[in-house]
Chemist: 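Got a structure here, written out as structure tokens. Questions coming.
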Amino acid sequence: MKQIPYWLDTAPALPDRSGKDLPDEADVVVIGGGLTGLSTAYHTARKGARVVLVEKDKVGSGASGRNGSMCTQGLTIGVGEARKRYGQQRARELYDSFREAVDIVEELTQKERIDCDFNRSGRLGVAYKPQHFEAMRATQRDLAENFDHHTTLLTKRELRAELGSDYYHGALLDPLSAALHVGKYVHGLAEAAERAGAQIHERNAATGLTRLPSGGFLVETLHGTIRAKQVMAATDAYTDRTLPWFRKRLINVGSFITVTEPLGEERARELIPHARLVVDSKNIGHYIRLTPDHRLAFGGRARFAPSNPASDLKSGDVLKREMAEIFPQLADVRIDYVWGGMVGFSWDRLPHAGEAGGLYYSMGYCGHGVQMATSMGRAIAEMMDGKPEANPLRGLGFPKVPVPFYNGTAWFLPLGGAYYKAKDRLR
């Protein structure tokens, strides 16, 4: 069993981008080589800027290569909660920006000819409890009437044609969400950024940041110092003490994934006949999909613990048991991959992007990072070019005052996890 992300292990090999000399100056320095940073570097370089991206490991080694490889629509907080907070008009604007983000990923893969198995396979939001299904019925009406988004409600009986399991009580099918191979996508986006003129420096962490009185920043790295007119922080759940202001405003939650041995096309299609993306309605839920080579990827927040080799193995055992509850026919299937990673959550469960202290940022994707990171990289490039109205998340910046008694380590997560798991067990 491999303890590395399936998506990175099955992506094409890439050149080593470490060991290169840093230039003395740049128009833009991007800190972080995930999808946010790569998209920012790509779109900014296409505007003619001199762009340098520094990444402490390799591109995609953080959350961007460790996720469920889903490119889905919808707000983490739900449209009803968004309307309650911000009013119908702003809720609609936010919902549309998340919907447009999927389109942006598709357009970028086509424009740059990124072969990443992008497919509008659709998303099944499956109901863990009967009352969850009734809530989906109301959501379907709300989406159609107030957000011009049309979905299909499936009863438990109808769901059987979409999922080889009797575990759930129905589903809401969104036809426009997409699957992709995120490892291939990350690598393709890195190559596109370089073609646009951006420099990528791997294994070269940013270690210090100083705002200069004359304007711009001095960015210290492991292998040199570079002066930048503008800096973009694109570190999300992997933000370290170099950026303490952001670290205190993000909750980093572990998420873990297993991938089975190859099942063969026929057996895989018996599980998910139309290759939908499956996300369940538990508080501590699962996300499930088929891979392009007919394996089952099964993920979730199995344990409220950081990701490390020992923790990942324990989480893999939990996920295998839970997978067998949903798909008893897979009880004896071999697990070929298990890995973990961190997901960046904001306190209000929405992404945040903007400018703070002269530093640009986009973080806190709350599990919607593939599409929103790509979209926000494009938006940040426009903002740096003097167009603040390009930010769809304007007005939702991080709070100026951090949460009391929180220093970036989510010590309270095991307590919260136990509470929500107990709620899930109460059918």
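FYI, the numbering just counts along the sequence from 1. Because only heavy atoms are used, hydrogens play no part in the values below, and waters and symmetry mates are left out as well, while side chains stay in.
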Chemist: So, Glu261 side chain and Arg334 main chain: donor-acceptor pair closer than 3.5 Å or not?
Modeler: yes

Chemist: Flag the pair Glu322 and Lys282 as a salt bridge only when some basic side-chain nitrogen lies within less than 4.0 angstrom of an acidic carboxylate oxygen.
Modeler: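 Salt bridge flag = no for Lys282 with Glu322.
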
Chemist: Quick check for you: to the nearest 0.5 Å, what is the distance between Tyr337 atom OH and Ile257 atom CD1?
Modeler: 13.0 Å

Chemist: Taking all non-hydrogen atoms of both residues, which atom of Asp148 and which atom of Arg92 are closest, and how far apart?
Modeler: CB-NH2, 3.6 Å

Chemist: Are any of the side-chain heavy atoms of Arg211 and Phe217 separated by less than 4.5 Å?
Modeler: yes

Chemist: To the nearest 0.5 Å, how far apart are OG1 in Thr258 and CD1 in Ile335?
Modeler: 4.5 Å

Chemist: Going through the distances and angles, do Phe256 and Val338 end up as a side chain to side chain contact (heavy atoms under 4.5 Å, CB included)?
Modeler: CA-CA 7 Å; Phe256 304 88; Val338 61; 5.8 Å; no

Chemist: If you look at every heavy atom in Leu163 and Phe327, which pair is closest and at what distance?
Modeler: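 Nearest heavy atoms, Leu163 then Phe327: CD1-CZ, 4.0 Å.
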
Chemist: If you define the side chain from C-beta out and look only at heavy atoms, does anything of Arg85 sit under 4.5 Å from Leu350?
Modeler: yes

Chemist: Is the closest side-chain heavy-atom distance between Arg267 and Val333 below 4.5 Å?
Modeler: yes

Chemist: How close do Leu277 and Ala179 get, heavy atom to heavy atom, and via which atoms?
Modeler: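 Answer, listing the atom of Leu277 first, then Ala179: CD2-CB, 3.6 Å.
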
Chemist: With distance as the sole test, does Ser64 use its side chain to make a donor-acceptor pair with the main-chain N or O of Leu35 at under 3.5 Å?
Modeler: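 Here the side-chain-to-backbone pair exists.
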
Chemist: Do you know which two heavy atoms are closest between Thr239 and Arg247, and how far apart they sit?
Modeler: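 Distance-wise, the nearest heavy atoms are O-NH1, 3.3 Å.
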
Chemist: Under the side chain to side chain contact (heavy atoms under 4.5 Å, CB included) criterion, do Met70 and Val279 qualify, and how do the steps go?
Modeler: CA-CA 10 Å; Met70 298 180 177; Val279 181; 4.1 Å; yes

Chemist: Could you check whether any side-chain heavy atom of Met376 comes within less than 4.5 Å of a side-chain heavy atom of Asn391, counting everything from C-beta outward?
Modeler: yes

Chemist: Quick one: does Ser69's side chain have a donor or acceptor within less than 3.5 Å of a partner on Leu180's backbone?
Modeler: yes

Chemist: Tell me whether Asp348 is salt-bridged to Arg249, with the criterion being a basic N under 4.0 Å from an acidic carboxylate O.
Modeler: no

Chemist: With a 4.0 Å cut-off on N to O distance, would you call Glu194 and Arg17 a salt bridge?
Modeler: yes

Chemist: Using every non-hydrogen atom in the two residues, find where Glu191 and Leu14 come nearest and quote the distance to one decimal.
Modeler: OE2-CD2, 3.3 Å

Chemist: Ion pair present between Arg349 and Glu81, side-chain N to carboxylate O less than 4.0 angstrom?
Modeler: no

Chemist: Quick one, Met323 and Ile288 - any side-chain contact, counting heavy atoms below 4.5 Å?
Modeler: no

Chemist: How far apart are the C-alpha atoms of Tyr168 and Ile326, what are their side-chain angles, what is the distance that settles it, and do they pass the side chain to side chain contact (heavy atoms under 4.5 Å, CB included) test?
Modeler: CA-CA 8 Å; Tyr168 297 105; Ile326 298 169; 3.2 Å; yes

Chemist: Is it true that Lys320 and Asp317 make a salt bridge, defined as a side-chain N closer than 4.0 Å to a carboxylate O?
Modeler: no

Chemist: Are the side chains of Arg120 and Leu176 in touch, meaning some heavy atoms are under 4.5 Å apart?
Modeler: yes

Chemist: Let me know which of Tyr360, Tyr238, Tyr361 forms a ring pair (Phe, Tyr, Trp, His ring centres under 6.0 Å) with Phe246.
Modeler: Tyr361

Chemist: Should Gln88 and Asn146 count as side-chain neighbours, where that means a heavy-atom distance under 4.5 Å?
Modeler: yes

Chemist: Testing the 3.5 Å rule here: is there a donor-acceptor pair between the side chains of Asp236 and Tyr365?
Modeler: no

Chemist: Using 30° and 60° as the class limits, which term best fits the ring planes of Phe98 and His368: parallel, tilted or perpendicular?
Modeler: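 Phe98 and His368: perpendicular rings.
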
Chemist: Any idea how His181 and Tyr6 line up, ring-wise: parallel (<30°), tilted (30 to 60°), or perpendicular (>60°)?
Modeler: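 Ring orientation of His181 relative to Tyr6: tilted.
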
Chemist: Nearest 0.5 angstrom please: Glu355 CD to Ile380 CD1, how far?
Modeler: 10.0 Å

Chemist: What's the separation between atom CZ in Arg321 and atom CD in Glu325, rounded to the nearest 0.5 Å?
Modeler: 8.5 Å

Chemist: Keeping Ser375 on the side-chain end and Met372 on the backbone end, is there a donor-acceptor pair under 3.5 Å?
Modeler: no

Chemist: Under the 3.5 angstrom rule, does the side chain of Ser39 hit a backbone N or O of Thr374 as a donor-acceptor pair?
Modeler: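 Yes, the answer is positive, given that a donor and an acceptor are paired below the 3.5 Å cut-off.
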
Chemist: Does the Thr260 side chain pair with the main chain of Leu296, one donor and one acceptor, at a distance under 3.5 Å?
Modeler: yes

Chemist: Testing Ile200, Val30, Asp27 one by one against Val51 for a side-chain contact (heavy atoms from CB on, under 4.5 Å), which residue passes?
Modeler: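 Among Ile200, Val30, Asp27, the one that satisfies the side-chain contact (heavy atoms from CB on, under 4.5 Å) with Val51 is Val30.
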
Chemist: What distance do Ile104 atom CD1 and Lys111 atom NZ have between them, rounded to the nearest 0.5 Å?
Modeler: 11.5 Å

Chemist: Hey, are the side chains of Gln371 and Thr72 touching, using non-hydrogen atoms and a 4.5 Å cut-off?
Modeler: yes

Chemist: Got more than 12 heavy atoms from elsewhere within 6.0 Å of CD, Glu266?
Modeler: no

Chemist: Is there a side chain to side chain contact (heavy atoms under 4.5 Å, CB included) between Leu124 and Leu154? Walk through the geometry before answering.
Modeler: CA-CA 9 Å; Leu124 282 172; Leu154 302 174; 3.8 Å; yes

Chemist: Consider side chain to side chain donor-acceptor pair (under 3.5 Å). Of Gln73, Arg99, Arg123, which one does Asp174 pass it with?
Modeler: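 Passing option: Gln73.
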
Chemist: Taking atom CD as the centre, does Gln89 end up with more than 12 heavy-atom neighbours from other residues, nucleotides or ligands that are less than 6.0 angstrom away?
Modeler: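 It does not: Gln89 CD has 12 such atoms or fewer within range.
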
Chemist: Around atom NZ of Lys229, are there more than 12 heavy atoms of other residues, nucleotides or ligands at under 6.0 Å?
Modeler: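 At most 12 heavy atoms, drawn from other residues, nucleotides or ligands, come within 6.0 Å of this atom.
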
Chemist: Using modelled atom types and a 3.5 Å cut-off, is there a donor and acceptor pairing between side-chain atoms of Asn67 and backbone atoms of Ala63?
Modeler: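 Checking the backbone N and O of Ala63 against the side chain of Asn67, a donor-acceptor pair under 3.5 Å is found.
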
Chemist: Taking Lys184 first and then Asp115, would you say they form a salt bridge - that is, a charged N and a carboxylate O separated by under 4.0 Å?
Modeler: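 Salt bridge between Lys184 and Asp115, a charged N being under 4.0 Å from a carboxylate O: no.
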
Chemist: May I ask you to decide if the ring planes of His132 and Tyr128 are parallel, tilted or perpendicular, using 30° and 60° as cut-offs?
Modeler: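 If you compare the ring of His132 with that of Tyr128, the planes turn out tilted.
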
Chemist: Tell me whether Glu93 is salt-bridged to Arg90, with the criterion being a basic N under 4.0 Å from an acidic carboxylate O.
Modeler: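 Result for this pair is yes, salt bridge flagged.
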
Chemist: Mind checking the CD1-NE2 spacing from Ile114 to His187? Nearest 0.5 Å is all I need.
Modeler: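 Result: 11.5 Å between the selected atoms.
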
Chemist: Counting N and O atoms only, with roles assigned by atom type, does the side chain of Lys58 sit under 3.5 Å from a partner on the main chain of Glu202, one being a donor and the other an acceptor?
Modeler: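 Here the side-chain-to-backbone pair does not exist.
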
Chemist: Give me the atom names and distance for the closest heavy-atom approach of Thr40 to Gly377.
Modeler: OG1-CA, 3.3 Å

